[in-house]
Amino acid sequence: MQTVYFFNTLKRKREEFKPLTPGKAAMYTCGPTVYNFAHIGNFRAYMFEDLLRRTLKLCGYEVTQVMNLTDVDDKTIRDSQAAGMSLNDFTAQYKKSFFEDLKELNIEPAEYYPAATGHIPEMIELVQTLIDKGFGYVANDGCVYYSINKFPEYGKLAKIDMENQISGVRIQNDEYEKDSVADFALWKAWTEADGDVWWDSPWGKGRPGWHIECSAMSMKYLGKTFDIHTGGIDNMFPHHEDEIAQSEAANGCAYVNYWLHCAHLIVNGEKMSKSAGNFFTLRQLLEKGYTGREMRYVLLSAHYRKKLNFTFEALESARTTLKRLSTLFERLRDADGESDGSMTGVVAEAKEKFITALADDLNTSESAAVIFGLQKEANKQLDAGTLSKEDAEAVLDCFRLFDTVYGVFEVDTGASDDVPAEIVELAEQRKAARAAKNWAEADAIRDKLKTLGYTVEDAPDGFRITKL
RNA sequence: GGCGUGGUAGCCAAGCGGUUAGGCAGUGGUCUGCAAAACCAUUAAGACCGGUUCGACUCCGGUCCACGCCUCCA
């Protein structure tokens, strides 16, 4: 079991991770609102959570992860109506695309994906508990609100002093029925705009507020107190702050021990967001010819608490980097030299450094440096002929270990195996022409292959075909 | 207005009070019929002004700039 350290937003410092149950890590991650395709900025958060769960597993923990799906809120209702579809049908299509995208990015599935609409009774029960304990109240508009004045610790996560805050907020005149403008909705009363979307409750027809969703579902699957809660930095306030207020008021115990927040993906210096219109979906990138693993590599390239500047140059850079590693794996598979005995130690050190880097608050930059250090050493020894089959296999095995977290190397999959037979045949003809030193013929075939959409490159013992 | 984060070489991006971060690009080689790929080597930095220190990119103060949250948001 490797000791893991996290930067805990709640304490604003790096701490050793001590789970409630030794050897197990329970984590809750805020998932998508399924009203549209997620953009790659959204996926930065899900990638960070994937990195977190894979790192925990690498360090010996058994992970239980819950990711909620918000399938009822203002936007899902609004857009399903605009599309002339039922809420369920409407959100189902985006749930489907979300899971397709996760797969494309090689993000490991969570253990649970609870949907909000599947847990309305649990939410109603939690709201009732909050009312019974004096934290919730029914207002004139039929909504149930949470009275933040009743929870003195409100603001402890975001480090917000509400006295100070309220005076600074632009108060909208039509924020009417609440006791305090900062009170938030636990239950929203039905209005005409909601159409046929409503559930019965002790307070009449309506639907749950957003924050109560995560409190109710995390409690159901992970218990009243659990280890880790993650999300994008923009969810810290008010969403996570409100979750704390709800859960700790209802249960009378700590909600979460470690809060981890990732920074934004930015484009041209600004946050990628739907409202700003400066976003790309994964599908758009795939249409441009980039792959999920290239995007995955880009998303892993910066530390999760630092803003990540997305550029197409970064995707190109990822492509080159991954290709060079693939070449190394090919060379390693063919290695058959005289071992000088040094590789065993090199590999052991690389493994240890890799794990230590990730265990230190998920330092992917540091872990990448370890990867490239091993790449360089392996190449040097391949050139020198000092890698035996066993040495090479040890290096490959090390990359397989790296890949349990990175998930992009494809250590054992060859690059080009789905090339049509006639293309291979042309390449064979070119090989023969070259053997006969018939350069004109060889070049003509190469040009022809290019028009067919393939590049052929010479290799020591033949050729390599790549699809354009 | 309140709170918070950051400014590192052409681009991306780390650690660290003194010893090469790393990747991409570039440059020079190796290989090669040509091309490409690959491999090896290598250039280049710390927004600005002060302070602490034998020594600061790293600590402290200030200035400027950028971004985020406070409203749905990963």
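Chain naming here is simple, since letters A, B, ... match the order of the sequence lines and numbering starts at 1 in each. Values below: all heavy atoms of this structure, side chains included; hydrogens, waters and symmetry mates excluded.
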Searching all strands shown, indicate the nucleotide that pairs with [N] (Watson-Crick or G-U wobble; both distances under 3.5 Å).
N	result
B:rU42	B:rG26
B:rC48	B:rG62
B:rU32	none
B:rC67	B:rG4
B:rA37	none
B:rC54	B:rG18

Could you measure between the two [atom1] atoms, the one in [N] and the one in [M], and give it in whole Å?
N	M	atom1	value
B:rG15	B:rG1	C1'	37 Å
B:rG51	B:rG23	P	38 Å
B:rU58	B:rC16	P	14 Å
B:rA56	B:rC24	P	33 Å
B:rG10	B:rU5	P	29 Å
B:rA25	B:rC40	P	13 Å
B:rG7	B:rC12	C1'	15 Å
B:rG62	B:rU52	C1'	15 Å

* **Given RNA chain B, 5'-ward residue of the pair A:C30 and A:G269, judged by closest heavy atom** =>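 Per heavy-atom nearest nucleotide, the more 5' residue is A:G269.
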* Upstream residue (5' side of RNA chain B) when A:W439 and A:H264 are each assigned their closest nucleotide ->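 Closer to the 5' end of RNA chain B: A:W439.
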* To do: Taking all non-hydrogen atoms of both residues into account, name the closest pair between A:A45 and A:C262 and its distance.
  =>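 Result for this residue pair: CA-SG, 3.6 Å.
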* Shortest non-hydrogen contact between A:D71 and A:L87, atoms and distance ->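 A:D71 and A:L87 have their closest heavy atoms at O-CD2, 3.6 Å.
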Rounded to whole Å, please give me the gap between [atom1] in [X] and [atom2] in [N].
X	N	atom1	atom2	result
A:F237	B:rG2	CZ	P	17 Å
A:K159	B:rG4	NZ	C1'	12 Å
A:H239	B:rU71	NE2	P	15 Å
A:I371	B:rA21	CD1	C1'	14 Å
A:Y290	B:rC24	OH	P	16 Å
A:E270	B:rG6	CD	C1'	15 Å
A:R44	B:rG68	CZ	P	14 Å
A:K156	B:rG4	NZ	P	18 Å

Need one value for [X]: base, sugar-phosphate or nothing, where a base atom within 4.0 Å counts as base even if backbone is also close, heavy atoms only.
X	value
A:D443	base
A:K271	base
A:F48	nothing
A:M236	nothing
A:S273	nothing

Identify each donor-acceptor pair in which a side-chain atom of residues 103-116 of chain A lies under 3.5 Å from a protein atom, sequence neighbours left out, and give them as a table.
residue, atom, partner, partner atom, Å
A:N106, ND2, A:G407, O, 2.8
A:E108, OE1, A:R53, NH1, 2.7
A:E108, OE1, A:K57, NZ, 3.1
A:E111, OE1, A:R53, NH2, 2.6
A:E111, OE1, A:Q65, N, 2.7
A:E111, OE2, A:R53, NH2, 2.9
A:Y113, OH, A:A110, N, 2.9

Residues in side chain to side chain donor-acceptor pair (under 3.5 Å) with [X], at least two apart?
X	value
A:K96	A:E100
A:H261	A:T9, A:H240
A:Y297	none
A:D360	A:R14

If you restrict it to nitrogen or oxygen atoms, what contacts under 3.5 Å exist between nucleotides 37-39 of chain B and the protein, and what is each distance?
residue, atom, partner, partner atom, Å
B:rA37, O2', A:R464, NH2, 3.0
B:rA38, OP1, A:R324, NE, 3.3
B:rC39, O2', A:D383, OD2, 2.4

* Asked: Side chain of A:F372: nearest nucleotide among B:rG22, B:rC67, B:rC34?
  ->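 Nearest to the side-chain atoms of A:F372, counting from C-beta on, is B:rG22.
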* Parallel, tilted or perpendicular: which fits the ring planes of A:H211 and A:H239, with parallel below 30° and perpendicular above 60°? ->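 Judged by the thresholds at 30° and 60°, the geometry between A:H211 and A:H239 is tilted.
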* To do: Not counting sequence neighbours, list each pair that qualifies as a ring-ring contact (aromatic ring centres under 6.0 Å, His included) and has a residue in residues 446-468 of chain A.
  =>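 Of all non-adjacent pairs touching residues 446-468 of chain A, none passes ring-ring contact (aromatic ring centres under 6.0 Å, His included).
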* Give the B/S/- string for nucleotides 7-20 of chain B, one per nucleotide from 5' to 3', where a protein heavy atom under 4.0 Å of the base yields B, of only the sugar-phosphate yields S, and otherwise -. => -----SSSS-----
* Asked: Can you list every salt bridge (Lys or Arg N to Asp or Glu O under 4.0 Å) pair that touches residues 302-323 of chain A, not counting sequence neighbours?
  ->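 Applying salt bridge (Lys or Arg N to Asp or Glu O under 4.0 Å) to every pair that reaches into residues 302-323 of chain A, excluding sequence neighbours, yields A:E294-A:R319, A:R305-A:D361.
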* To do: Using modelled atom types only, decide if a donor and an acceptor are shared between the side chain of A:Q284 and the backbone of A:T281 within a distance under 3.5 Å.
  =>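 Checking the backbone N and O of A:T281 against the side chain of A:Q284, a donor-acceptor pair under 3.5 Å is found.
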* Asked: Do A:F17 and A:Y258 have ring centroids that are under 6.0 Å from one another?
  ->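 Here the rings of A:F17 and A:Y258 have centres that are less than 6.0 Å from each other.
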